[in-house]
Each structure stands twice: as structure tokens, then as C-alpha cells.
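Down below is the structure, laid out as C-alpha cells.
All heavy atoms count here, side chains included; hydrogens, waters and symmetry mates do not. Order of the sequence lines sets the chain letters (A, B, ...), proteins ahead of strands, with each chain counted from 1. None of the values given here were measured: they were computed from a predicted structure.
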2 protein chains.
Amino acid sequence: MENNSCIRQQADIKQINRCKDRVAELNGSFDYLSNGLELAGNNVRLKILFLLYEEKQLCVCDLSDILGMTISAVSQHLRKLKDRKLIETERQAQTIFYSLTNEYKNLLEPFFIILDENKILETI
Amino acid sequence: MENNSCIRQQADIKQINRCKDRVAELNGSFDYLSNGLELAGNNVRLKILFLLYEEKQLCVCDLSDILGMTISAVSQHLRKLKDRKLIETERQAQTIFYSLTNEYKNLLEPFFIILDENKILETI
DNA sequence: TGTTTATTTAAGCAAATGCTAAAATACAAT
DNA sequence: ATTGTATTTTAGCATTTGCTTAAATAAACA
């Protein structure tokens, strides 16, 4: 695999091994977390997630209107979020309402709090 | 823009407008945050960021070794992270060391703490 | 039953992503 | 100056993403 022209005579072998162990140990957590962050890392989906956090539940139509996007486009984002269990649905008559799952509500809450207070530029 | 077949006779206009205002108000924060999360949402880059958090600084070669990836591939990830100011560099002789910027260290810390304790499955 | 309302799904496409392999750059040390 | 070490950059390519448009479901209601 490695076309490794870098021999690193100075490498700290202990450090390298410690890191390798750490990565192996936390591998499942990295997968879980990057999976969620990948979805939250899209501008539109981050807004959707935040709006669901604040409003508890919204339907595709609401989001389409709020975000100024096609219903179809929003629906496809919602499907991704639902497939990976970031959100869940509840039907009320003709309308399907989406809401955050508890898992991801907890996981993303630190960000939502920062967003809520619009403190991005102060925190950093 | 809208091929909107959804008239939403039941829509809560107040709610919609409140959400629109909120999105407009926080627009810059959404951009900033999704920009960072997009990068952290990649499995490889999340590991890199976490390793830099734990080890303070590492070079491409170290990361290539730890992650079992080509130096070139890692370097390209590092460039993205550097371009968007998630990490910064410091040269020491031939070796270029990467480290987290303070902004993103603070922003991502909640996740790193969860990862550090490998508590993903407990938190959720 | 058929029609309206709400929503999803499928096909298609331009743009972005993440990698490999090869070439280029940067600096150190002789 | 020349060589060695560390790293970046480029070109190319397969895959994925996010959208549009059009067609397909799903359930409520006349």
C-alpha cells in the first residue's frame, strides 16, 4: 500500500503505537460520530436539524417553505437523516411530522446551544 | 423555483415566519458550523483531528503510519483542514508539525471528550 | 369510488470527493 | 553544489452528492 519515501528516522515509536492503539480502540466511536457529523456537515441539513431541535416537529412542507427549497429536495435530505436515525417520523392525518431522535438531540445539543445563542464568534 | 403542489392549508404561519427569521438571523453561524462539521464528518479527518487533540502535534508521516494510509492521501486531508483553519502548521527542521487551532479545539472539544472516554454508546 | 392533499421516489446530470501514481518542491546536511 | 529526507502538488479516475423534473404512493374526504 505504501509508496513511503518517508523513513522518519526521528519518529517517536511509542507515540505512534499509542496512537494506533487508540484508533483501534475507538474505531466504532469514530464510525458512529463521523456518520452523524457527515450529515450535520451539510448546510441545509444542519438547518433542518436545528429547526427540529427548536420547534420539536415540522413537516416537509414547512421546511420547504422556511428554507426556500423544493419539497423534493428537502424530502431527500430528510430521508438521509431518517435512514441514519438522526430523525424519526410521526404521521398525523395527511401530514408526516419529523423530529430529532433522542440520541442525536443529545449528541448535537452542544452545537445547538451555541447556535441558539448565536455565539459562534464568541466561543472560538 | 417551486413546483409546489403542497398548499398546506394547515400550516402554522407564525411558526413558519419565526423559523424563517431564525434561519436568516443565524445564517453566518450555520455556514461557519457546517463548514467545520463537513470536514470533521469524514472518518479519516475525524481521526486526524482527534489525534491532534490528544497528541498536540503530529506530522504527515506519523499520521500516515498510524492510519495505514498513503502520505499523499493524508497530506491532502491536512490541506483541506488547514485551508479552512481547523489546523495550523509549525516547521521544525525538515518536519512540518500540524496542530489544532484554538477555535476548533474549543468547538470540537465536546465530541473529543465523548470520544476520549469512549462513551458514545452511553451518551446517547 | 374517485379526487384532493401531502409526500416520496426515480431518473438524470453537473459538481464535488477521496483516492492512486507520478512529479515537483523545500530544506538539511554533507 | 549535490544528495537525502520530508512533504506537497498535480493529473486522472471512480464514486458520491445534491439538485431538478416527472412520475408514483399514501391517506383523507367528498
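- Between A:Ile96 atom CD1 and C:dT5 atom P there is a gap of 17 Å when expressed in whole angstrom units.
- At least one donor-acceptor pair under 3.5 Å links the side chain of B:Arg45 to the backbone N or O of B:Leu39.
- Heavy-atom nearest nucleotides on DNA chain C were determined for B:Arg45 and for A:Ala73, and the one closer to the 5' end corresponds to A:Ala73.
- Side-chain contact check for B:Ser99 versus B:Leu52: every heavy-atom pair is 4.5 Å or farther apart.
- Phosphate proximity of D:dC19 to A:His77: present, with a side-chain N or O under 4.0 Å from OP1 or OP2.
- For the OP1/OP2 pair of D:dT7 and a distance below 4.0 Å, the side-chain nitrogens and oxygens of B:Ser75 include no atom meeting the criterion.
- Closest contact between the side chain of B:Glu38 and the listed nucleotides D:dT21, C:dT20, C:dT17 involves C:dT17.
- When the salt bridge (Lys or Arg N to Asp or Glu O under 4.0 Å) test is applied to B:Arg22, the partners found at least two apart in sequence or on another chain are A:Glu54, A:Asp116, B:Glu25.
- Using a 4.0 Å heavy-atom cutoff across all strands shown, A:Gln92 reaches no nucleic acid atom at all.
- When rounded to the nearest whole Å, the span between CG of A:Leu78 and C1' of C:dT8 equals 11 Å.
- Between B:Met69 atom CE and C:dT17 atom P the separation is 16 Å, expressed in whole Å.
- Contact annotation: B:Asn42 does not reach the phosphate of C:dT17 (side-chain N/O to OP1 or OP2, under 4.0 Å).
- One atom, NZ of B:Lys47, and another, C1' of C:dG18, lie 14 Å apart when rounded to the nearest Å.
- Counting to the nearest Å, the P atom of C:dG18 and the CG atom of B:Asn43 are 11 Å from each other.
- Comparing atom distances between the B:Thr95 side chain and each of C:dT20, D:dT7, C:dG18 picks out D:dT7 as nearest.
- Scanning for ring-ring contact (aromatic ring centres under 6.0 Å, His included) contacts around A:Tyr98 gives an empty result, with sequence neighbours left out.
- No N or O donor and acceptor, one from the side chain of B:Thr70 and one from the base of C:dA21, sit under 3.5 Å apart.
- Closest contact between the side chain of A:Ser72 and the listed nucleotides C:dT7, C:dT9, D:dT7 involves C:dT9.
- Comparing C:dT17, C:dT7, D:dT8 against the side chain of B:Ile71 picks out D:dT8 as the nearest.
- The backbone N or O of B:Cys59 sits less than 3.5 Å from a side-chain atom of B:Asp62, completing a donor-acceptor pair.
- Atoms CZ (B:Arg79) and P (D:dT10) sit 7 Å apart, rounded to a whole Å.
- Listed for the A:Ser64 side chain is a donor-acceptor partner under 3.5 Å among the backbone atoms of A:Met69.
- Closest to the side chain of A:Cys61, out of C:dG18, D:dT17, C:dT7, is C:dT7.
- Atoms CD (B:Gln76) and P (C:dA22) sit 15 Å apart, rounded to a whole Å.
- Checking the phosphate oxygens (OP1, OP2) of C:dT7, no side-chain nitrogen or oxygen of A:Arg91 falls inside 4.0 Å.
- One atom, CZ of A:Arg84, and another, P of D:dT16, lie 12 Å apart when rounded to the nearest Å.
- Counting non-hydrogen atoms under 4.0 angstrom, A:Lys82 reaches nothing in the nucleic acid.
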